[in-house]
Number of protein chains: 2
Amino acid sequence: MGDLHTPLQCKTKAEMIYSTLREAIVSGDLKPGERIVLRKVASELGVSAIPVREAVKILEAEGLIEVSAHSEVLVSKLSEKDFRQLSDIRVILEGHATFLATKNTNIKFLKDLENQINKMQTSIEKQDFRQYSKLNILFHQTIYENCDNDHLKKMISDLTARTDRARALFAYSPQRNTKSIADHNAIIRAIANGEAETAEKLMCQHQSEGLAIFMENFKFDNQ
Amino acid sequence: MGDLHTPLQCKTKAEMIYSTLREAIVSGDLKPGERIVLRKVASELGVSAIPVREAVKILEAEGLIEVSAHSEVLVSKLSEKDFRQLSDIRVILEGHATFLATKNTNIKFLKDLENQINKMQTSIEKQDFRQYSKLNILFHQTIYENCDNDHLKKMISDLTARTDRARALFAYSPQRNTKSIADHNAIIRAIANGEAETAEKLMCQHQSEGLAIFMENFKFDNQ
DNA sequence: CCTTAATAATATATTATATATTTCGACATT
DNA sequence: AATGTCGAAATATATAATATATTATTAAGG
């Protein structure tokens with residue numbers, strides 16, 4: 001297990017441990033199936049065992065950690081089945097968020113989307129796929145952020161945290177990126193035209209396709 | 001606060017406290033906004049403070065409890081906005097679960113639905129609205145249970161726990177029940193015919209209508 | 001080789017205690 | 001009278017030391 005670095009100060013120690021562990025899990029620093037020994041984490045982060053256990057409880061509720069009573073505490077493995085089920089939900093919710101965002105559109109929102117898609121075009125031309133990937137995530141986030149439903153945002157964010165652990169290191173092909181750009185343009189057009197149902201459908205299709213390509217190319221090794 | 005009764009034995013005390021508190025909150029025994037004093041719960045249930053706090057952390061992650069650091073622990077209030085947002089998501093997910101359940105249909109499933117709708121018809125004729133309400137919940141659960149996505153089931157169940165706190169005591173009108181029966185029949189037909197998109201759409205419409213009627217008649221008193 | 005008993009490791013739980021934060025009331029200031 | 005500050009009380013949060021429960025592992029015995 002790599003070193004855990006304690007981030008910005010939080011309200012309570014339990015929260016600090018929580019975000020530290022969560023970040024480590026989501027980033028892939030703590031690998032699926034890896035064991036978490038509470039007192040080690042405690043001493044490593046300079047706290048007692050209790051706040052660590054509270055943090056673990058939260059992460060368990062979020063599905064990022066699995067605890068069998070009195071036994072091991074493990075970073076959740078993400079089986080292919082889990083990934084498929086979670087991604088399926090995610091696509092639906094992202095589609096709905098796109099629908100709501102379209103209903104909630106405004107000038108600044110559209111401007112932001114245009115800017116981002118231009119940057120993405122540039123990064124493609126520069127063959128900077130890492131940058132493209134970052135911008136892609138940001139593009140989607142920008143859309144979902146514009147939907148007026150805080151709970152939906154949180155759910156998408158939580159689902160993303162769980163599913164992107166598998167996708168983190170997966171690079172799309174250039175062909176995929178070209179198609180992706182075209183999809184994004186179509187989505188923006190639909191949003192700009194206030195065609196909420198269309199935008200939703202396009203987003204679902206776009207994400208489903210990306211998902212299908214990922215699943216064809218990724219090897220799940222557990223369960 | 002009413003007496004908390006400790007339910008079936010659980011693997012850990014934290015889990016016991018968790019399900020005890022959750023049941024009390026969902027059932028309305030612990031009211032929204034009501035304060036939860038940890039050590040009182042601890043002594044009341046005959047445990048120390050730590051497992052109570054762990055339970056509280058889980059409930060906080062689920063949105064049923066709100067904690068401000070070093071300050072009060074409260075049963076979450078459900079503002080009208082929260083209710084609307086959560087219900088909106090719930091409708092989408094229930095629709096999708098109906099879609100998946102239709103894709104996953106089988107003889108027993110259809111038989112179960114038929115049986116339940118017959119019982120509901122009977123309870124309507126007997127004017128037993130309490131029974132009808134129970135059967136209604138069961139009917140919907142039966143559908144969602146038949147979708148092959150465990151995470152989706154859990155999400156719907158969690159959303160239901162949060163939103164039904166407000167709906168618990170709300171009785172539908174007889175007119176609504178008649179319409180409801182008709183809706184259910186249409187949904188079953190679509191499921192039986194394997195028309196997944198239709199079943200999804202009908203379920204969403206059905207739930208949205210019920211939601212709209214509820215919102216027209218219910219007074220939210222907070223926020 | 002399989003089963004069982006002992007052991008180690010660790011999660012879970014308790015108790016007592018200490019610290020931190022918010023809330024609220026008393027008192028003072030303006 | 002309104003406001004603001006201080007202090008006390010209540011309670012959440014955290015620690016430490018310790019005890020118990022459970023699982024996994026090892027060792028012993030059939």
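Per chain, numbering begins at 1; letters A, B, ... match sequence-line order.
- A search for salt bridge (Lys or Arg N to Asp or Glu O under 4.0 Å) contacts involving A/E62 returns A/R22, not counting sequence neighbours.
- For A/C204 against A/G95, the heavy-atom pair with the smallest separation is SG-CA, 3.7 Å.
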Side chains of residues 97-108 of chain B: which donor-acceptor pairs under 3.5 Å do they make with residues two or more places apart or in other chains?
residue : atom : partner : partner atom : Å
B/T98   : OG1  : B/E94   : O            : 2.7
B/T102  : OG1  : B/T98   : O            : 2.7
B/N104  : ND2  : B/N146  : O            : 2.7
B/N106  : OD1  : B/K108  : N            : 3.1
B/N106  : OD1  : B/F109  : N            : 2.8
B/K108  : NZ   : B/D112  : OD2          : 2.8

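- Results of the side-chain contact (heavy atoms from CB on, under 4.5 Å) test with A/V73 over A/V52, A/V41, A/V67 single out A/V67 as the only residue that passes.
- Aromatic ring orientation, B/F220 versus B/F83: tilted (interplanar angle from 30° to 60°).
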Its contact letters, B for base, S for sugar-phosphate only and - for none at protein heavy atoms under 4.0 Å, make nucleotides 7-14 of chain D read ----SBBB

